[in-house]
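Just below is one structure, and these are the notes that go with it.
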Amino acid sequence: GNSVTQMEGPVTLSEEAFLTINCTYTATGYPSLFWYVQYPGEGLQLLLKATKADDKGSNKGFEATYRKETTSFHLEKGSVQVSDSAVYFCALKSGGTSYGKLTFGQGTILTVHP
Amino acid sequence: DTGVSQDPRHKITKRGQNVTFRCDPISEHNRLYWYRQTLGQGPEFLTYFQNEAQLEKSRLLSDRFSAERPKGSFSTLEIQRTEQGDSAMYLCASSLVLGRRDFPQETQYFGPGTRLLVL
């Protein structure tokens, strides 16, 4: 079956540091890949997505590249801010199917200090 | 543009009681999903609707759980005879899928969730 593995957290960084959160997946076919972010007290928000190999998703300074050869979708940001403190979830949606259930990783807590 | 809304936001109940949650999707979204999230874990799929039809249910959805979307708009999730293991955040999401070309790009928009605590 499908699965998503994220690097274990929590991750603690100083403001303006470089961020990488690793995500690897197992899936049949050609899944679509997503990063969602959950700020304290709020629901999940889509951060970025990529639907085919070598696609790069980007938003708000965050980037992730769909690497089929390594089955990875690592999240990166060059300079984090305190406001980026949140829980980040990597997720996949199976390709070639008519339904769209998402399979999520366990989440990575990011804390950014001033 | 209103997002997905869920009601109530919090629910405390005693073991054995029945509870019902409501989800209002983004207007005109034809797909609606329910997920469950326990502390420290990512959301897990429970069930989904295409318009009013319930097309898939997870094995996580025991006989005590039932979901409806009677007119293809809002949805309800009922848990009968609640157990302490049902304590979790219940998330609803909606999306718009018009054809096969939309499948890879489909984006689910999540509500704030209903946090259930069973005592």
Side-chain angles (χ1 to χ4, degrees), chain A residues 1-10 21 23-25 27 29-53 55 57 59 66 68 73 86-109, chain B residues 2-6 9-10 23-26 29-51 53-61 89-115:
Chain A
N2 297 336
S3 67
V4 176
T5 303
Q6 289 182 233
M7 66 183 287
E8 292 193 15
I21 300 178
C23 171
T24 57
Y25 67 89
Y30 301 94
S32 296
L33 301 173
F34 304 81
W35 277 100
Y36 278 84
V37 58
Q38 188 171 35
Y39 298 102
E42 299 184 15
L44 289 164
Q45 300 176 24
L46 177 68
L47 183 58
L48 53 83
K49 66 181 180 184
T51 59
K52 61 182 186 295
D55 267 2
N59 186 27
Y66 187 163
K68 188 168 175 60
F73 193 53
V87 184
Y88 291 81
F89 293 94
C90 184
L92 71 81
K93 182 166 76 74
S94 291
T97 55
S98 62
Y99 53 83
K101 69 179 181 183
L102 292 168
T103 301
F104 286 87
Q106 75 273 29
T108 302
I109 300 172
Chain B
T2 57
V4 178
S5 60
Q6 293 187 243
R9 294 290 304 274
H10 303 274
C23 170
D24 286 272
I26 293 172
H29 275 193
N30 54 357
R31 286 191 175 182
L32 188 148
Y33 298 81
W34 285 99
Y35 293 83
R36 182 172 68 187
Q37 184 179 16
T38 53
L39 202 60
Q41 300 298 316
E44 295 174 292
F45 169 80
L46 292 179
T47 188
Y48 106 99
F49 294 83
Q50 172 98 10
N51 299 311
Q54 188 174 17
L55 297 187
E56 189 185 2
K57 294 195 293 186
S58 163
R59 282 174 290 182
L60 292 175
L61 217 63
M89 176 78 86
Y90 290 83
L91 299 170
C92 176
S94 71
S95 68
L96 178 63
V97 176
L98 297 177
R100 291 192 65 83
R101 287 189 178 181
D102 292 337
F103 296 158
Q105 297 283 347
E106 178 193 8
T107 296
Q108 295 178 30
Y109 297 87
F110 283 80
T114 294
R115 185 171 295 282

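Below, each value reflects all heavy atoms present in this structure, side chains not excepted, and no hydrogens, waters or symmetry copies. Residue numbers begin at 1 in each chain, while the letters A, B, ... track the order of the sequences.
Your options are B:Pro43, B:Pro112, B:Gly42, B:Gly40, and the one with the most heavy-atom pairs under 4.5 Å with chain A is B:Pro43. Ranked by heavy-atom pairs shorter than 4.5 Å toward chain A, the options B:Gln41, B:Arg115, B:Glu56 are led by B:Glu56. Among the candidates A:Gln6, A:Gln38, A:Lys52, the residue making the largest number of heavy-atom pairs closer than 4.5 Å to chain B is A:Gln38. For the set A:Thr103, A:Leu102, A:Val87, A:Ile109, the entry with the most heavy-atom pairs within less than 4.5 Å of chain B is A:Leu102.
The main-chain N or O of A:Lys93 is never found under 3.5 Å from a side-chain atom of B:Glu106 such that the two would form a donor-acceptor pair. Although no hydrogens or angles enter the test, the distance criterion places no donor-acceptor pair under 3.5 Å between the side chain of A:Tyr36 and the main chain of B:Phe110.
One finds the CD atom of B:Gln37 at 8.0 Å from the CZ atom of A:Phe104 (value rounded to the nearest 0.5 Å).
Residue contact with chain B, scored on non-hydrogen atoms closer than 4.5 Å, involves the backbone and the side chain of A:Lys101 alike. Of the two parts of B:Leu91, only the side chain, counted from C-beta on, holds a non-hydrogen atom closer than 4.5 Å to a non-hydrogen atom of chain A.
Residue-environment remark: OH (A:Tyr25) exceeds the threshold of 12 foreign heavy atoms within 6.0 Å. More than 12 non-hydrogen atoms from other residues, nucleotides or ligands lie less than 6.0 angstrom from CG of B:Leu98.
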